[in-house]
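Heavy-atom basis, side chains included; hydrogens, waters and symmetry copies ignored.
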Amino acid sequence: MAEPILEVTGLVKHYPLTRGVLFRKQIGAVKAVDGVDFTLGRAETLGLVGESGCGKSTVAKLLCHLERPTVGTVRFKGEDVTRLSGRALKAVRRNIQMVFQDPYTSLNPRMTVGDIVGEPYDIHPEAAPKGDRRRRVRDLLDVVGLDPEYVNRYPHQFSGGQRQRIGIARALALRPEVVVADEPVSALDVSVQAQVVNLLERLQREFELSYLFIAHDLSVVRHISDRVGVMYLGRIVETGRDAEIYDHPTHPYTQALLSAVPVPDPGARERRERIILTGDVPSPTAIPSGCRFRTRCWKARERCAREVPALAVPAVFRQAPGPAAHPSACHFAEEKPVVPAPEVRPDGDGPG
C-alpha cells in the first residue's frame with residue numbers, strides 16, 4: 001500500500017471516574033479506547049467491527065476531533081492533527097468529515113434541508129463563494145439521489161434512508177478526502193441499507209474518498225470494505241484484507257463473531273460449527289490482565305493471564321505465507337477454531 005492518508009498510532013481515550021463533591025478524587029477510568037493502531041490508504045475502505053461498547057464510535061470521534069485523545073497520534077497526510085488548534089485544526093477538519101449513525105437525531109429538525117447541507121459553508125466560508133452556495137447544495141442533493149427541489153423541506157418530511165442521504169450530502173459539502181461513517185446503515189431497513197451502501201461505493205469512486213466504515217453487521221462490512229479491523233474492549237485484535245478475515249480468521253473472538261453470522265442455506269448452517277461464548281464482556285473500568293479476551297476464550301491458558309498478546313502475524317504463518325498470515329493478537333492464533341462440545345452452552349446468546 002502507498003503512503004497512507006491517515007495513520008493512527010497508540011490511540012488511547014480514558015474517561016476518569018471521580019468521587020466526592022467538594023474535593024473530587026479520581027478512583028479509576030473507563031478505558032474506552034486503549035491502544036489502537038491502524039492506517040487508511042487513499043480511496044480505501046477500512047471496516048471496523050465489534051460488539052457494542054468496544055470503542056468503535058469513540059475512535060470515530062477521536063479521528064474527527066470531537067474528542068481529544070488521552071494519548072496517541074492521528075496523522076493526516078503525515079501531520080499530527082491531535083496537536084493542532086485554531087485555524088490549523090479547522091483546515092484539517094475540512095478533509096475529515098463524519099456520517100452519523102442515527103439519521104433521525106443527527107439532523108436539526110428546525111432547519112431546512114438546504115440549510116443543513118449548506119451549513120458547512122457557513123463554518124468554512126472559503127470553501128464556496130456566497131452566491132454559489134445554493135447551487136452547490138442543490139448539486140449535492142442530486143449527487144446523493146435526492147430531488148434538488150427538496151431544499152426547502154424539513155427532516156421530518158423524509159424517510160430514514162432519505163435522511164441518511166442528507167447526512168451524506170452534508171459530509172461531502174467540503175469535498176473531504178476522508179469520511180468516517182459511524183454505523184451509517186444500522187438504523188435503516190435492510191433494503192434501504194443496500195441502497196445507502198451502494199451510494200457510498202459510487203461516491204467513493206466518483207470523489208476518490210477514503211472511508212473508515214464502522215459497523216456491527218459483518219455482512220455489510222464484507223461487502224464494502226477492502227480491509228477489516230476487529231475490535232474488542234478498546235483494542236484491535238485482528239486485522240487484514242476482507243478475504244483473510246472472513247475466510248481465515250485466526251483470533252478466537254473473530255471466529256466467534258463470524259460463527260454468529262446468519263447463513264441462508266439450511267445445509268450450510270447445519271454443517272457450520274457454532275461458537276457460543278460464555279460469560280459477559282468485562283467492564284472497561286476493570287480490564288483483565290494479559291489478554292483481555294481470555295475470560296471468554298476456550299483457548300485461554302496460564303500464559304494468557306500473564307502476557308499481553310501483540311497484534312502481529314503469528315510466527316508459524318510468517319514461515320508459510322498465505323491468507324492466514326495477517327496480524328492477530330492471540331498467543332495461540334495458529335490453532336483451529338473448533339470448540340470442544342462440553343464448552344458450548346446450548347441456551348447461551350451468541351456474540352453481538
Side-chain angles (χ1 to χ4, degrees), residues 13 15 30 32-33 45-67 93 96-120 122-123 137 140-141 143-147 150-151 153-174 176 178-204 209-225 229 231 234 281 284 351-352:
K13 181 61 180 180
Y15 297 94
V30 176
V33 177
T45 299
L46 172 65
L48 198 58
V49 302
E51 293 173 292
S52 296
C54 70
K56 306 186 301 295
S57 293
T58 304
V59 170
K61 293 175 183 176
L62 292 170
L63 296 187
C64 295
H65 219 77
L66 299 178
E67 299 267 8
R93 271 183 160 170
I96 306 176
Q97 292 293 303
M98 188 167 180
V99 177
F100 295 91
Q101 176 179 356
D102 190 351
Y104 295 92
T105 59
S106 61
L107 304 180
N108 190 331
R110 297 176 180 271
M111 296 174 66
T112 66
V113 169
D115 290 336
I116 290 171
V117 176
E119 188 175 22
D122 297 331
I123 301 169
V137 168
L140 285 166
L141 292 178
V143 163
V144 299
L146 293 175
D147 190 334
Y150 291 168
V151 288
R153 293 189 181 186
Y154 289 86
H156 72 270
Q157 297 175 282
F158 296 89
S159 67
Q162 289 175 321
R163 293 186 197 195
Q164 197 59 291
R165 289 171 185 266
I166 295 168
I168 293 170
R170 176 178 58 187
L172 294 179
L174 299 175
V178 176
V179 172
V180 179
D182 184 13
E183 304 214 30
V185 297
S186 63
L188 307 176
D189 294 337
V190 175
S191 60
V192 180
Q193 287 183 9
Q195 295 172 15
V196 173
V197 169
N198 290 336
L199 170 64
L200 289 172
E201 290 183 317
R202 177 173 64 79
L203 294 173
Q204 183 176 45
L209 298 169
S210 299
Y211 288 147
L212 177 67
F213 189 90
I214 297 171
H216 61 267
D217 188 326
L218 294 168
S219 300
V220 173
V221 171
R222 182 169 198 175
H223 178 80
I224 195 173
S225 300
M231 279 194 74
V281 181

> Distance-only, no hydrogens or angles: does the Asp115 side chain make a donor-acceptor pair with backbone N or O of Met111 under 3.5 Å?
Replying inline: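 Checking the backbone N and O of Met111 against the side chain of Asp115, no donor-acceptor pair under 3.5 Å is found.
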> Donor-acceptor pair, Lys56 side chain versus Gly50 backbone, under 3.5 Å?
Replying inline: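 Such a contact is found between Lys56 side chain and Gly50 backbone.
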Is the closest side-chain heavy-atom distance between [X] and [Y] below 4.5 Å?
| X | Y | value |
| --- | --- | --- |
| Lys13 | Leu62 | yes |
| Ile168 | Val196 | yes |
| Pro184 | Phe213 | yes |
| Pro103 | Arg165 | no |
| Met98 | Val179 | no |
| Val180 | Gln97 | no |
| Tyr104 | Gln164 | no |
| Glu201 | His223 | yes |

Using distance alone, with no hydrogens and no angle criterion, decide if [X] and [Y] have a side-chain donor and acceptor under 3.5 Å apart.
| X | Y | value |
| --- | --- | --- |
| Thr45 | Gln204 | yes |
| Gln101 | Ser186 | yes |
| His216 | Glu183 | yes |

Drop me the distance from [X]'s [atom1] to [Y]'s [atom2], to the nearest 0.5 angstrom.
| X | Y | atom1 | atom2 | answer |
| --- | --- | --- | --- | --- |
| Met231 | Ile214 | CE | CD1 | 8.5 Å |
| Leu48 | Cys54 | CG | SG | 6.5 Å |
| Leu107 | His156 | CG | NE2 | 12.5 Å |
| Arg170 | Ser106 | CZ | OG | 5.5 Å |

Heavy-atom pair with the smallest gap, counting every atom of [X] and [Y]:
| X | Y | result |
| --- | --- | --- |
| Val117 | Ala173 | O-CB, 3.8 Å |
| Asn108 | Ile116 | O-CD1, 3.7 Å |
| Leu140 | Ala169 | CD1-O, 3.9 Å |
| Leu203 | Leu209 | O-CD1, 3.9 Å |
| Gly229 | Leu46 | N-CD1, 4.1 Å |
| Cys64 | Ile96 | SG-CG2, 4.2 Å |

>> Tell me every residue that passes side chain to side chain contact (heavy atoms under 4.5 Å, CB included) with Val151, counting only those two or more places apart in sequence or in another chain.
In response: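 Result, side chain to side chain contact (heavy atoms under 4.5 Å, CB included) vs Val151: Arg134, Val137, Arg138, Leu141.
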> Looking at residues at least two apart in the chain, or sitting in another chain, which of them share a side chain to side chain contact (heavy atoms under 4.5 Å, CB included) with Thr105?
Replying inline: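 By the side chain to side chain contact (heavy atoms under 4.5 Å, CB included) rule, Thr105 matches Asp102.
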Sequence neighbours excluded, which residues qualify as salt bridge (charged side-chain N to carboxylate O under 4.0 Å, His left out) partners of [X]?
| X | value |
| --- | --- |
| Asp122 | Arg133 |
| Arg93 | none |
| Arg202 | Glu206 |

> Going through the distances and angles, do Asn198 and Leu200 end up as a side chain to side chain contact (heavy atoms under 4.5 Å, CB included)?
Replying inline: CA-CA 5 Å; Asn198 290 336; Leu200 289 172; over 6 Å; no
> Among all residues two or more places apart in sequence or in another chain, which pass the ring-ring contact (aromatic ring centres under 6.0 Å, His included) test with Phe100?
Replying inline: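 Partners of Phe100 under the ring-ring contact (aromatic ring centres under 6.0 Å, His included) test: none.
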> Does the side chain to side chain contact (heavy atoms under 4.5 Å, CB included) test come out yes or no for Thr112 and Tyr150, once each step is laid out?
Replying inline: CA-CA 9 Å; Thr112 66; Tyr150 291 168; over 6 Å; no
>> Using the rule given for side chain to side chain contact (heavy atoms under 4.5 Å, CB included), can you reason through Val185 versus Asp217, listing the C-alpha separation, both sets of side-chain angles and the distance that settles it, and then say yes or no?
In response: CA-CA 9 Å; Val185 297; Asp217 188 326; over 6 Å; no
>> For Tyr154 and Val113: C-alpha separation, side-chain torsions, deciding distance, then whether side chain to side chain contact (heavy atoms under 4.5 Å, CB included) applies.
In response: CA-CA 6 Å; Tyr154 289 86; Val113 169; over 6 Å; no
